[in-house]
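Worksheet for the structure shown next.
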Amino acid sequence: MSPSNSPRSDVSLTHPDRLYWPDEGVTKQGLADYYAAAWRFMAPYVVNRPLALLRLPDGIKGHQRFFQKHAWKGMNPHIEEIADPQDADGEKLLRIGDFDGLVALVQSAVLEIHPWGTTTGNWEQPDMITMDLDPGEDVAWNAVISAALEVKARLETRGLAAFVKTSGGKGLHVVAPLAPKAGWSEVKDFAHSLAESMSADAPDKYLATATKAKRGGHIYIDYLRNGRGNTAVAAYSTRARPGAPVSMPLDWEELSDVSGPAAFTLANVPQRLETRPKDPWGDFFEAAVPLE
DNA sequence: GGAACTT
DNA sequence: AAGTTCCAACGCCTC
DNA sequence: GAGGCG
Ligand SMILES: [Mn+2]
Ligand SMILES: [Mn+2]
């Protein structure tokens with residue numbers, strides 16, 4: 001049973017049976033197969049964007065785990081080296097352009113993909129805002145859903161569209177597509193003001209600052225994903241955590257039926273992608289409007 | 001995962 | 001030949 | 001100014 005529209009790649013995987021998530025039995029090949037199934041939905045969120053990577057060469061039970069934002073020696077040629085236009089002489093950044101690039105990331109033991117919220121063709125004008133909802137200890141899942149709905153309402157008041165995904169970690173991401181126009185500082189300032197206004201209106205529920213000591217019982221609205229050079233985990237990216245969760249785009253209508261932030265995993269997402277009538281984020285880029 | 005460097 | 005090291009980093013708090 | 005945070 002070959003999934004519809006699965007891309008092929010000639011990028012070779014050494015040790016395809018290497019276990020990246022040993023408890024879940026997910027191998028390097030299994031990860032590549034997952035991305036083949038997800039590619040047709042995922043591509044616009046990872047292609048032609050600067051990328052930061054979380055690499056775990058020995059899998060999630062191993063002892064090596066490092067972020068990487070710069071090009072390295074011996075890098076697979078399907079991973080592109082690009083110059084930051086604001087740091088032309090600095091170290092080269094990373095980008096992929098196609099499915100071969102994604103398989104090259106798999107071979108490089110990239111278990112999480114964290115793109116900038118912009119494309120390299122329009123580098124200084126972000127094309128999305130990510131509001132990252134991080135619940136502290138003792139916050140009910142329902143409260144995280146309520147927070148997402150509140151963020152959605154406030155984005156819509158501003159004339160923006162809102163989409164939601166699980167983070168695959170502890171919370172939800174509410175993402176607004178932008179027609180590239182406003183610059184980084186305007187976008188970050190807007191995200192900041194949204195977080196501050198929610199915190200001001202419900203200080204018992206929401207925080208706009210990261211201080212861990214205050215986090216218990218509150219949801220931190222992390223707006224700082226929206227600064228130049230900052231990143232958030234990509235839609236459909238796996239997470240380097242137990243259970244092999246993925247950051248899963250959702251319909252708002254199904255959010256109340258989702259059991260938690262890590263409900264979608266390598267074990268159940270391919271089935272969902274095969275049987276689901278439509279992409280819940282199918283209109284993401286069509287819904288983009290400028291921030292103004 | 002893989003290059004570069006040290007032993 | 002084998003072992004070790006490196007692989008982000010900066011704005012925003014809080015104290 | 002140092003240290004936590006993501
Ligand atoms: Mn290794
Ligand atoms: Mn988060």
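Letters go in sequence order (proteins before strands), and every chain restarts at 1. Note that these values count all heavy atoms, side chains included, but never hydrogens, waters or copies made by symmetry.
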Report, one line per pair, each donor and acceptor closer than 3.5 Å where one atom sits in a side chain of residues 243-251 of chain A; sequence neighbours left out.
{"from": "A:Ser247", "atom 1": "OG", "to": "A:Lys165", "atom 2": "NZ", "distance (Å)": "2.9"}
{"from": "A:Ser247", "atom 1": "OG", "to": "A:Thr166", "atom 2": "O", "distance (Å)": "2.6"}
{"from": "A:Asp251", "atom 1": "OD2", "to": "A:Arg276", "atom 2": "NH1", "distance (Å)": "3.3"}

note = So the salt bridge (Lys or Arg N to Asp or Glu O under 4.0 Å) pairs with at least one residue in residues 11-31 of chain A (sequence neighbours excluded) are A:Asp23-A:Lys61
ask   = A:Asp87 CG to C:dA8 P: how many Å, rounded?
value = 13 Å
inquiry  = Tell me if the aromatic rings of A:His114 and A:Phe67 count as close, with their centers under 6.0 Å from one another.
reply    = yes
remark   = Here the distance between atom P of C:dC7 and atom CD of A:Glu112, to the nearest Å, is 20 Å
request  = May I have the distance from A:Leu56 (atom CG) to C:dC7 (atom P), rounded to whole angstrom?
outcome  = 16 Å
ask   = Does any pair with a residue in residues 202-214 of chain A pass salt bridge (Lys or Arg N to Asp or Glu O under 4.0 Å), and if so which ones, sequence neighbours excluded?
value = none
ask   = Looking at residues at least two apart in the chain, or sitting in another chain, which of them share a side-chain contact (heavy atoms from CB on, under 4.5 Å) with A:Pro177?
value = A:Ala161, A:Phe163, A:Phe284, A:Ala287, A:Ala288
query = Side chain of A:Glu112, backbone of A:Ala240: donor and acceptor closer than 3.5 Å?
reply = yes
Would you tabulate the pairs of protein nitrogen or oxygen atoms and nucleotide nitrogen or oxygen atoms of nucleotides 2-7 of chain B closer than 3.5 angstrom?
{"from": "B:dG2", "atom 1": "OP1", "to": "A:Gln107", "atom 2": "NE2", "distance (Å)": "3.3"}

key: A:Arg55 charged N/C atom sitting above A:Trp72 aromatic ring, 6.0 Å / 45°   = yes
Separation of atom CG in A:Asp17 from atom P in B:dG1, rounded to whole Å = 12 Å
ask   = Is a side-chain donor or acceptor of A:His218 paired with a backbone partner of A:Gly216 at a separation under 3.5 angstrom?
value = yes
message = Applying a strict under-4.5 Å side-chain criterion to I, L, V, M, F, W and Y, I'd like to know whether A:Leu207 and A:Leu149 cluster together.
response = no
task = Spell out protein contact along nucleotides 9-15 of chain C as letters: B when the base is contacted, S when just the sugar-phosphate is, - when no protein heavy atom is under 4.0 Å; keep the 5' to 3' order.
result = S-SSSS-
inquiry  = Does anything in residues 164-172 of chain A come within less than 4.0 Å of DNA chain C? Heavy atoms only, and list the residues if so.
reply    = none
request  = For A:Ser185, enumerate each residue passing the side-chain contact (heavy atoms from CB on, under 4.5 Å) test, keeping only those at least two apart in sequence or located in another chain.
outcome  = none
key: Spacing between A:Leu13 atom CG and B:dG1 atom C1', to the nearest angstrom   = 13 Å
key: Nearest-Å distance for atom pair CG/P, residues A:Leu31 and B:dG1   = 12 Å
query = How would you list all residue pairs meeting salt bridge (Lys or Arg N to Asp or Glu O under 4.0 Å) that involve residues 179-197 of chain A, not counting sequence neighbours?
reply = A:Lys181-A:Glu292
ask   = What is the 5' to 3' range of DNA chain D, first to last nucleotide, that sits under 4.0 Å from any heavy atom of chain A?
value = D:dC5 to D:dG6
message = For the P atoms, the ones on C:dA8 and on B:dA4, what distance do you get once it is rounded to whole angstrom?
response = 16 Å
ask   = Which value, in whole Å, describes the distance between the C1' atoms of nucleotides D:dG3 and C:dA9?
value = 15 Å
Donor-acceptor contacts, no H, no angles, side chain residues 131-148 of chain A, under 3.5 Å, sequence neighbours left out:
{"from": "A:Asp132", "atom 1": "OD1", "to": "A:His173", "atom 2": "NE2", "distance (Å)": "3.2"}
{"from": "A:Trp141", "atom 1": "NE1", "to": "A:Val258", "atom 2": "O", "distance (Å)": "2.8"}
{"from": "A:Ser146", "atom 1": "OG", "to": "A:Asn142", "atom 2": "O", "distance (Å)": "3.1"}

inquiry  = Using ring centroids (six-membered ring only for Trp), state whether A:Phe264 and A:Tyr236 fall under 6.0 Å.
reply    = no
ask   = Which is true for A:Arg65 with a 4.0 Å heavy-atom rule: it touches a base, it touches only sugar-phosphate, or it touches nothing?
value = nothing
task = Under 4.0 Å between any heavy atoms, over every strand shown, what does A:Arg228 touch: base, sugar-phosphate, or nothing? Just pick one.
result = nothing
ask   = Say you pick atom P in C:dG11 and the same atom in B:dG1; how far apart are they, in whole Å?
value = 34 Å
remark   = The complete set of salt bridge (Lys or Arg N to Asp or Glu O under 4.0 Å) pairs with one or both residues in residues 63-74 of chain A, sequence neighbours excluded, reads none
